[in-house]
Amino acid sequence: MGGKFRLGLKGKMSLLLALLLVFIVTCLSVLVLSGIRENQRTMLEQSFTRQAEAANLRVREEYLTESMIPPDQFMMQTGQRLAVDLGAQSGMAVTLYTVDGSFAGTSLPFQPRADVQDALQFTAQGQSAYITEGDQLLFLAPLYNAGQRLGTVQFHASLAEQNAFYARIRQLFLLAGATVLGVGFLIGYVYVLRQVNVIDRLNRAASQIGQGEYLSAPSVFRKDELGELAQGIYEMSSSISASVGALHGEKQKLLETVGRLRELEQQQKQFIGNISHELKTPLTSIIAYADLLTMYSDDPTLLDDAGRRIHAEAQRLYSLVEKALQLSAMDVYEFETQAEAVPLCPLLEEAVARLQGKADSCRVTIHTSLVEGEVWADPENVMHIMLNLLDNAIKYNRPGGQVHLLNYIAESADGARRMIIEVADTGIGIPKEAVSRIFDPFYTVSRDRSRASGGTGLGLALVRNLIEKQGGTVQLVETGPDGSRLRVELLLHASDAVRTTHTPKI
């Protein structure tokens, strides 16, 4: 089936305008033509009235000059002559009738044949009468002499000229009306077309917003209601765009949060699996040596070796549990760090002093190159960070190896001045495939060596968490078969933020 005919706004407005113009032109034409017709009738009546008064005066004068004879006899005797005189005086054909309606005389070359009996009955009652026959108009009026009726006068007038004038005016109005209608419709159509085009643009703008394409500027610039509507649509578009943008941002944050939760869930599962495995290993060793103690209680050498092994595994188990609890607490609870201005050199020297005994037992030499400066951090956290880093550098070093500890002030990537602390060793290094995972909980490069040295794989994970809580960063900047170098960045205290950058050489 074909689509139904649909008359759009442009067609409706154009049709309404055309009907309105037709109505206005028609009303004006009817009123003006009616006025012209009424004016013609009024002027004709006034002319006939004047002519009737003049004829009445002329007939009365003639009647008074004659002997006192009856009016009918007077009209029969003088009617023809008076009719000719009155016709010459008025410029119209004149016919006279007696009181009883008989023909008395006419200025015409022939006697008129019009049926005027009904009109004569009106004049007999003292009233005037009109008779219209085609383009001819007959006006009949009574003639008096001091209240005595003398007869009736009839004027013959032609309406041809008036009718022609009326026809010309009507034709002119038709032509002018058609012209006004055409020009007015054309002007109105152009105006309506412009308005409809504006509405079309507004409609397209609304559809564009509905499709998610928001406006960069109002689609129409006008100083009227349509302009206000366009501005309103533009403001609505901006508001919707901002709201949708905010919703997208919140959605992205929600997705990131969900992803982070899933990652944390996976890390939690991995954490539980790793800690279960790490706890099982020393417990297995303790149980085994405890069994040996029961079985060989009379062997002093075995008892001594088993006691040392159980003590070492218990120490490792204690360290593992302590670090696991610390790491878990840091992930679950947001502890407030007691940040303060911390002089860094004494703290670093104390950390070196605490681990000097372990370094001597492992035949590792610690070298320091320290500069004065204050950092804005929690001193206990900084001490814990440095002890972990120095402990790793000693544990995973070679006999006769070295550890270098230095600090300096430098400008970071964001333009702020920070305190840089570097710990370098000459140990076993870190394989490339393990670089991205060294800060993961329980990850160790060499499990055998970690067990031998008491490593749990939690030290660097704790270091990263503690440093991030101080507003700093930690990263592995160099690794290889000759050792590794870790860099820590901490916030400078305000008094040290303007110091000149100094990067010492290792």
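If you read the sequence from its start, that first residue is 1, and numbering goes on from there.
With N203 contributing its side chain and I199 its backbone, the two residues share no donor-acceptor pair below 3.5 Å. With hydrogens and angles ignored, the 3.5 Å screen pairs a side-chain donor or acceptor of Q470 with a backbone N or O of D378. Side chain of Y97 to main chain of M75: no donor-acceptor pair is present (N/O by atom type, distance under 3.5 Å, no hydrogens or angles). Remark: the backbone N or O of E62 is paired with a side-chain donor or acceptor of T65 at under 3.5 angstrom. Remark: the backbone N or O of S239 is paired with a side-chain donor or acceptor of S243 at under 3.5 angstrom. T49 places a side-chain N or O within 3.5 Å of a backbone atom of E45 that can act as its donor or acceptor partner. Proximity of a side-chain donor or acceptor of T98 to a complementary backbone N or O of A104 within less than 3.5 Å is not detected. R149 places a side-chain N or O within donor-acceptor distance of the main-chain N or O of V99, the cut-off being under 3.5 Å. With hydrogens and angles disregarded, a donor-acceptor distance shorter than 3.5 Å links the side chain of S237 to the backbone of L215.
Salt-bridge check for R41 with E38: passed, with a basic side-chain N closer than 4.0 Å to an acidic carboxylate O.
Within 6.0 Å of the CD atom in E380, the count of heavy atoms belonging to other residues, nucleotides or ligands does not exceed 12. Atom OH of Y130 sits in a crowded spot, with more than 12 heavy atoms from other residues, nucleotides or ligands closer than 6.0 Å. Applying the 6.0 Å contact sphere to CD of Q125 captures more than 12 heavy atoms from other residues, nucleotides or ligands.
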Working for side-chain contact (heavy atoms from CB on, under 4.5 Å), residues L96 and T78: CA-CA 10 Å; L96 295 177; T78 61; over 6 Å; no

